[in-house]
Amino acid sequence: ATGRTIRTYGANQDITERRVAEQALRESEERLRSAMESSPIGMAIVATDGQLLSVNPALCELLGYTRRELTERTFQVITHPDDLVADVAEVNRLLAGEGDSYQLDKRYIRADGQTIHAQLNVSLVRDAEGIPLHFFSQVQDITERMRAEDEIRDSNAKLHLVMEIAKLGYWDYDVGTGQFTFNDDFYRLFGTSAALEGGYTISAADYARRFLPPGIESTVQAEIEKALAKYIRDQLTPISANAAYVTPVDSDVGLPKHLY
């Protein structure tokens with residue numbers, strides 16, 4: 001043997017697809033980071049055990065923590081204790097393969113100890129083989145909306161109490177179902193009762209037929225539609241039928257759900 005090299009062996013592997021995939025992944029992650037940083041909605045990437053891996057400025061501002069403080073915590077720690085069970089149940093449902101996302105109205109505890117209400121939207125991110133990688137969460141502050149709804153409920157409760165004390169006939173029109181609901185004093189005004197009329201809830205057509213002069217059935221629906229068309233939040237709008245008034249209740253999409 002002379003020690004001379006007489007042959008060499010080599011192998012080539014095409015890694016073009018892998019490089020393309022890696023580049024696409026980097027670009028996708030960069031777009032996500034950019035979107036998170038500029039979004040006015042709180043966003044976070046959360047590990048499957050609840051650890052906050054990445055958060056955006058909007059979430060930091062909403063919860064009153066620095067980025068570092070938040071990423072040292074889990075979502076369990078910053079969730080209101082009374083809402084934690086429901087949230088964890090949804091997380092476990094996704095990890096068990098029963099869906100890819102969920103939405104939940106929940107409360108968070110801010111760094112200063114205050115409680116805020118938020119709408120949480122969560123999506124589970126999986127790898128190519130379907131293995132859970134992490135969650136992508138969006139958190140939107142709904143504290144003012146919840147406060148407004150509480151004020152409306154309180155106002156309605158007081159209104160009902162006043163009507164009961166004053167023995168005023170009362171009706172409620174459900175915009176979604178087209179049904180009227182009356183109280184006992186309303187029926188007494190017409191010399192009848194809920195038992196005789198088949199209950200406290202009837203249709204708009206039956207209301208007009210039973211309690212209004214003949215020939216004006218169409219007026220009821222026309223007046224309701226007119227009131228809805230002219231609807232302005234918190235403004236009482238006269239309605240001619242029975243010299244009553246119409247006022248919005250529990251509106252959250254720009255239209256009232258009920259008329260009084």
Side-chain angles (χ1 to χ4, degrees), residues 28-29 31-65 67 69-71 73-154 156 174-177 233 248-258:
S28 176
E29 290 175 343
R31 286 195 297 270
L32 176 60
R33 280 193 293 269
S34 177
M36 286 181 63
E37 289 299 304
S38 60
S39 175
I41 297 175
M43 294 183 175
I45 296 175
V46 185
T48 54
D49 63 358
Q51 183 68 44
L52 298 172
L53 302 175
S54 178
V55 297
N56 72 340
L59 187 61
C60 294
E61 182 178 356
L62 177 62
L63 299 178
Y65 289 99
R67 193 187 300 261
E69 288 171 337
L70 271 181
T71 53
R73 288 167 167 77
T74 64
F75 82 82
Q76 293 92 327
V77 171
I78 59 176
T79 296
H80 191 285
D82 293 343
D83 296 336
L84 185 56
V85 172
D87 202 357
V88 171
E90 289 295 323
V91 166
N92 290 337
R93 182 176 65 83
L94 298 194
L95 292 176
E98 301 174 3
D100 298 312
S101 63
Y102 69 89
Q103 182 182 96
L104 182 69
D105 287 353
K106 59 178 283 187
R107 288 164 290 178
Y108 287 91
I109 306 298
R110 283 176 43 88
D112 58 11
Q114 293 186 30
T115 298
I116 63 168
H117 292 263
Q119 183 181 85
L120 172 67
N121 289 276
V122 177
S123 298
L124 178 60
V125 179
R126 295 182 171 89
D127 65 14
E129 297 180 355
I131 305 300
L133 294 177
H134 56 258
F135 296 100
F136 180 66
S137 301
Q138 300 181 74
V139 182
Q140 188 166 5
D141 187 4
I142 59 171
T143 304
E144 289 304 315
R145 190 191 81 187
M146 298 296 292
R147 182 177 294 118
E149 290 177 355
D150 287 342
E151 291 175 354
I152 290 173
R153 280 190 290 269
D154 183 60
N156 291 341
D174 188 311
V175 176
T177 64
R233 182 185 293 274
V249 177
D250 292 340
S251 176
D252 57 5
V253 292
L255 290 175
K257 293 181 180 178
H258 293 264

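Just so we're clear, the structure is a prediction, and the values are computed from it rather than from any experiment. The figures that follow rest on heavy atoms only: side chains count, while hydrogens, waters and symmetry mates do not.
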*Are Val77 and Ile109 side-chain neighbours, meaning at least one heavy-atom pair lies under 4.5 Å?*
no
*Return yes if some donor-acceptor pair links the side-chain N/O of Thr48 with the main-chain N/O of His134 below 3.5 Å, else return no.*
no
*Would you confirm whether Arg67, through its side chain, and Val55, through its main-chain N or O, come within 3.5 Å as a donor-acceptor pair?*
yes
_Strictly distance-based, threshold 3.5 Å: is any side-chain N or O of Gln51 a donor or acceptor partner for the main-chain N or O of Thr71?_
yes
*Taking atom CZ of Phe135 and atom CG of Leu95, what is their separation to the nearest 0.5 Å?*
4.0 Å
_Between Gln140 (side chain only) and Leu120 (backbone N and O only), is there a donor and an acceptor less than 3.5 Å apart?_
no
*Closest heavy-atom contact between Ala58 and Gly42?*
CB-N, 3.8 Å
*Considering residues, nucleotides and ligands other than Gln76, do more than 12 of their heavy atoms fall under 6.0 Å from its CD?*
yes
*asked:* Give me the atom names and distance for the closest heavy-atom approach of Ser39 to Asn56.
replied: O-ND2, 3.8 Å
*Indicate the atoms forming the closest heavy-atom contact of Val122 with Ser137, along with that distance.*
CG2-OG, 3.7 Å
*Could you check if a side-chain atom of Asp105 sits within less than 4.5 angstrom of a side-chain atom of Arg145, using non-hydrogen atoms only?*
yes
*asked:* Within the 4.5 Å heavy-atom criterion, are Thr74 and Asp49 side-chain neighbours or not?
replied: no
*Would you mind reporting whether His80 and Thr115 have side-chain heavy atoms less than 4.5 Å apart?*
yes
*Straight-line distance of His117 NE2 to Arg107 CZ, nearest 0.5 Å*: 6.0 Å
*asked:* I need the Leu63 CG to Glu69 CD distance, nearest 0.5 Å.
replied: 11.0 Å
_All side chain to side chain contact (heavy atoms under 4.5 Å, CB included) counterparts of Thr79, not counting sequence neighbours_ = Phe75, Asp83, Leu84, Asp87, Lys106, Tyr108
*Report yes if some heavy atom in the side chain of Ser101 is under 4.5 Å from a heavy atom in the side chain of Asn121; otherwise report no.*
no
*Could you give the distance from CZ (Arg93) to CG (Leu124), rounded to the nearest 0.5 Å?*
10.5 Å
*Got Met36 and Ile45 here, is their nearest side-chain heavy-atom distance under 4.5 Å?*
yes
_Minimal non-hydrogen separation, Val139 against Ala118, with atom names_ = CG1-CB, 3.6 Å
*In a check of side-chain contact (heavy atoms from CB on, under 4.5 Å) between Leu59 and each of Leu70, Leu52, Ile78, which one passes?*
Leu70
